[in-house]
Number of protein chains: 2
Amino acid sequence: MASHRPDSGYRLDEIDRRIIYALMADARNTSAPMIAEEVSVSPATIRNRIDQLEDHGIIRDYHTSVDFERAEGGLTTLFQCNVSVENREAIAQQVSAIPGVINVRKLMTGRRNLHVVAVGADTQSLERIGRALSELGAEIEDEDLVQDEISRPYTPYGPDETATDPTPTDVISLTGDANVVEVTVSSDSEIRGYTLEEAGSRGVLPDDLLIVAIERDGTVLTPRGETTIRADDVVTVLSRDGIDDRTLHSFRPPAAEPVSDSEPIDP
Amino acid sequence: MASHRPDSGYRLDEIDRRIIYALMADARNTSAPMIAEEVSVSPATIRNRIDQLEDHGIIRDYHTSVDFERAEGGLTTLFQCNVSVENREAIAQQVSAIPGVINVRKLMTGRRNLHVVAVGADTQSLERIGRALSELGAEIEDEDLVQDEISRPYTPYGPDETATDPTPTDVISLTGDANVVEVTVSSDSEIRGYTLEEAGSRGVLPDDLLIVAIERDGTVLTPRGETTIRADDVVTVLSRDGIDDRTLHSFRPPAAEPVSDSEPIDP
DNA sequence: TATGAAAATGGCACACA
DNA sequence: TGTGTGCCATTTTCATA
């Protein structure tokens with residue numbers, strides 16, 4: 001059995017795991033040399049490993065997540081369908097070819113075992129997609145708008161330093177989408193070193209964010225345009241449109257790199 | 001309202017759409033010059049456009065899809081949760097920080113409005129993730145194993161030539177996972193030009209695939225080791241382990257490039 | 001858009017266990 | 001034999017204008 005499935009029991013070592021972690025965090029802007037430096041091996045090795053992981057099917061593919069609503073007012077919709085277990089593979093395959101379908105998940109359940117995400121320019125095109133699903137034998141049980149989607153790398157494959165830094169310390173929800181969060185400014189975040197005014201004008205700080213307090217060395221500062229944001233400041237942020245993974249981007253360390261510089265083991 | 005949301009009504013032109021299409025198909029191995037050639041503009045323009053699309057939040061991020069089951073026997077699980085609408089944003093944010101969580105979808109529904117995909121090394125770590133979800137206020141309604149996931153670019157942004165070529169013409173399911181498909185060999189597929197034997201030994205043709213018939217120019221050939229596969233052959237393929245998006249990879253045109261050469265619009 | 005400098009990639013030969 | 005490494009030509013990126 002294992003003869004024609006040689007990839008089943010592939011074992012990863014620490015290098016593979018860190019590669020996967022880095023690529024999950026940012027598949028496009030993470031170069032082999034960048035990963036190489038983190039794990040202290042040569043860039044060529046990283047490239048070889050990536051090739052292997054791809055060949056063995058561990059790494060499936062690299063995608064781009066797109067906000068279709070911003071793009072052209074497109075509606076992202078999740079269809080939850082029932083398909084017969086025998087044809088699940090085949091139907092999933094054909095479903096993924098329907099124009100507008102961007103993601104298909106096969107689940108090991110009796111009901112709602114096929115989740116299909118499709119994008120439509122309008123209600124009409126979504127109806128068309130719904131019909132196409134039915135014709136292929138996927139019975140639609142539910143149809144919901146997808147508001148947003150967040151993807152994260154697999155934490156256990158990340159750097160050991162269990163730095164939960166970039167998470168909001170506390171979140172207080174207000175009316176509507178607005179809410180308040182406290183974040184600790186990471187030591188290599190993008191916003192560090194800018195004054196509030198610079199951050200705003202350079203686009204480092206999104207327009208709908210308002211910094212209402214800065215806690216530094218135990219005292220609370222009143223934020224002014226010329227106040228400089230430093231590492232380890234605890235910043236209280238008010239957001240009009242809701243806190244989002246990407247909203248707090250500037251406060252975080254760069255995606256692919258660890259929080260503190262890793263000590264090269266073998267220079 | 002639109003004043004502080006300048007990105008809402010961003011309009012894409014044909015170049016933007018083709019960029020998005022190419023990056024959705026392969027975020028990592030698609031270089032700016034490759035896209036540039038397809039749409040007949042300079043590579044620098046493509047690069048600028050990509051930067052703009054990223055800045056405006058149209059392109060959210062680039063990830064890597066990983067088969068954790070192959071990797072280390074990891075279990076990929078979908079938790080369908082209820083969260084209160086007011087805190088949806090904040091909870092989703094915190095949920096995404098739980099170690100092991102790799103994807104969170106926010107839905108615009110009353111029930112099951114948060115879909116969380118997590119990877120666990122074993123049942124125990126999934127229980128831990130389940131508890132973490134509950135503690136954050138996400139009530140778990142359902143918990144299913146994810147068997148597989150397929151992602152596709154948004155077809156309407158692709159090349160006009162509505163080439164549905166790479167789709168299996170017909171799928172017949174047999175017992176178990178095995179089934180039979182007919183595919184038309186794309187004119188620039190990887191397998192074209194190889195004999196069956198070469199394709200097998202070079203890894204172009206997966207081990208669990210068996211070619212049972214080749215239809216060419218209206219006649220049906222009996223496949224032999226020395227039979228060469230040509231473009232436009234209609235090949236009948238038997239698969240032991242089920243047809244998969246990736247299984248038929250070799251029959252398809254390369255991901256990022258159109259089926260036939262695109263006619264430059266403005267040389 | 002174009003151009004030149006810097007960086008990354010892919011291929012291949014070689015060393016090492 | 002397989003895996004890591006160093007070096008090469010080529011491609012791609014990035015920051016100038």
Side-chain angles (χ1 to χ4, degrees), chain A residues 2-3 6-59 61-62 64 190 198 202-204 254-257 261-262 264-267, chain B residues 13-16 18-56 59 61-64 70-72 190 201-204 207 249 254-257 264-267:
Chain A
S3 58
D7 304 342
S8 282
Y10 195 84
R11 287 223 70 78
L12 306 180
D13 66 2
E14 192 59 20
I15 299 177
D16 295 316
R17 296 201 191 93
R18 293 294 290 273
I19 289 174
I20 290 174
Y21 181 83
L23 291 181
M24 283 183 81
D26 188 336
R28 189 169 173 83
N29 304 309
T30 309
S31 68
M34 286 162 88
I35 308 174
E37 199 183 356
E38 275 188 52
V39 296
S40 307
V41 291
S42 80
T45 302
I46 300 295
R47 283 190 257 111
N48 288 336
R49 293 297 193 99
I50 292 177
D51 287 345
Q52 285 175 34
L53 290 169
E54 289 176 355
D55 289 345
H56 289 260
I58 311 282
I59 292 179
D61 33 37
Y62 309 101
T64 299
E190 194 186 353
E198 286 167 351
R202 300 199 189 193
V204 179
E257 286 161 56
D261 350 23
S262 56
I265 310 164
D266 180 22
Chain B
D13 67 1
E14 191 59 19
I15 298 176
D16 295 315
R18 293 294 290 273
I19 289 174
I20 290 174
Y21 181 83
L23 290 181
M24 284 184 80
D26 188 337
R28 188 168 173 84
N29 303 310
T30 309
S31 66
M34 286 163 86
I35 308 174
E37 198 183 357
E38 273 188 54
V39 295
S40 309
V41 291
S42 83
T45 303
I46 300 294
R47 179 150 282 295
N48 289 336
R49 293 299 193 96
I50 292 178
D51 287 345
Q52 285 175 35
L53 289 170
E54 288 176 357
D55 290 345
H56 289 257
I59 290 179
D61 35 35
Y62 309 100
H63 347 265
T64 299
R70 282 199 191 181
E72 306 200 287
E190 193 185 355
S201 59
R202 300 202 191 190
V204 180
D207 290 345
H249 175 262
E257 287 161 54
I265 310 162
D266 181 21

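Only heavy atoms go into these numbers, but all of them, side chains included; no hydrogens, no water, no symmetry mates. Worth saying up front: this structure is predicted, and the values here are computed from it rather than measured. By convention in this document, chain letters (A, B, ...) are assigned in the order of the sequence lines, proteins followed by strands, and residues within each chain are numbered from 1.
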Between [atom1] on residue [X] and [atom2] on residue [Y], distance to nearest 0.5 Å:
{"X": "A:Ile58", "Y": "B:Thr64", "atom1": "CD1", "atom2": "OG1", "result": "13.0 Å"}
{"X": "A:Asp26", "Y": "B:Arg28", "atom1": "CG", "atom2": "CZ", "result": "9.0 Å"}
{"X": "A:Ile59", "Y": "A:Asp51", "atom1": "CD1", "atom2": "CG", "result": "9.5 Å"}

Separation of [N] [atom2] from [X] [atom1] (nearest whole Å):
{"X": "A:Ile35", "N": "C:dA8", "atom1": "CD1", "atom2": "P", "value": "11 Å"}
{"X": "B:Gln52", "N": "C:dT1", "atom1": "CD", "atom2": "P", "value": "12 Å"}
{"X": "B:Ile46", "N": "D:dC14", "atom1": "CD1", "atom2": "P", "value": "14 Å"}
{"X": "B:Ile50", "N": "D:dT12", "atom1": "CD1", "atom2": "P", "value": "13 Å"}
{"X": "A:Arg49", "N": "C:dT9", "atom1": "CZ", "atom2": "P", "value": "17 Å"}
{"X": "A:Asp55", "N": "D:dT3", "atom1": "CG", "atom2": "C1'", "value": "15 Å"}
{"X": "B:Asn29", "N": "D:dT12", "atom1": "CG", "atom2": "P", "value": "12 Å"}
{"X": "A:Ile19", "N": "D:dT3", "atom1": "CD1", "atom2": "C1'", "value": "13 Å"}

Which atom of [X] lies closest to which atom of [Y], heavy atoms considered:
{"X": "A:Thr30", "Y": "A:Ala22", "answer": "OG1-O, 3.7 Å"}
{"X": "B:Val39", "Y": "B:Arg18", "answer": "CG1-CB, 3.6 Å"}
{"X": "B:Ala32", "Y": "B:Pro43", "answer": "CB-O, 4.0 Å"}

Verdict with reasoning, A:Ile15 to A:Ile46, per side chain to side chain contact (heavy atoms under 4.5 Å, CB included): CA-CA 8 Å; A:Ile15 299 177; A:Ile46 300 295; 4.3 Å; yes
For nucleotides 12-17 of chain C, which of its nitrogen or oxygen atoms have a protein nitrogen or oxygen under 3.5 Å away, and what is each distance?
none

Difference in axis direction between the ends of the helix from C:dT1-D:dA17 to C:dA17-D:dT1, five pairs, 10°: 20°
Starting the side chain at C-beta, find the nucleotide from [options] nearest to [X].
{"X": "A:Val41", "options": "D:dT5, D:dT12, C:dT1", "value": "D:dT5"}
{"X": "B:Ala32", "options": "D:dT13, D:dG4, C:dT9", "value": "D:dT13"}
{"X": "A:Ser31", "options": "D:dT12, D:dT3, C:dT9", "value": "C:dT9"}

Residues that A:Arg17 engages under salt bridge (charged side-chain N to carboxylate O under 4.0 Å, His left out), provided they are two or more places apart: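 A:Arg17 satisfies salt bridge (charged side-chain N to carboxylate O under 4.0 Å, His left out) with A:Glu14, B:Glu72 once adjacent residues are dropped.
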Residues which pass salt bridge (charged side-chain N to carboxylate O under 4.0 Å, His left out) with A:Arg49, listed by chain and number, not counting sequence neighbours: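 Partners of A:Arg49 under the salt bridge (charged side-chain N to carboxylate O under 4.0 Å, His left out) test: A:Asp13, A:Asp16.
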Listing time: all N or O pairs from protein to nucleotides 8-10 of chain D that are below 3.5 Å?
none

Contacts of A:Thr45 that satisfy side chain to side chain donor-acceptor pair (under 3.5 Å) - sequence neighbours left out: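 A:Thr45 satisfies side chain to side chain donor-acceptor pair (under 3.5 Å) with A:Ser42 only.
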Distance test, side-chain N/O of B:Arg47 to OP1/OP2 of D:dC14, below 4.0 Å: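 So the side-chain polar atoms of B:Arg47 do come within 4.0 Å of the phosphate oxygens OP1 or OP2 of D:dC14, strictly under.
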Below 4.0 Å: OP1/OP2 of D:dT5 and any side-chain N or O of A:Ser42: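 Yes.
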B:Leu53 and B:Leu23, any side-chain heavy atoms less than 4.5 Å apart: no
Step-by-step side chain to side chain contact (heavy atoms under 4.5 Å, CB included) determination, B:Ile19 to B:Gln52: CA-CA 12 Å; B:Ile19 289 174; B:Gln52 285 175 35; over 6 Å; no
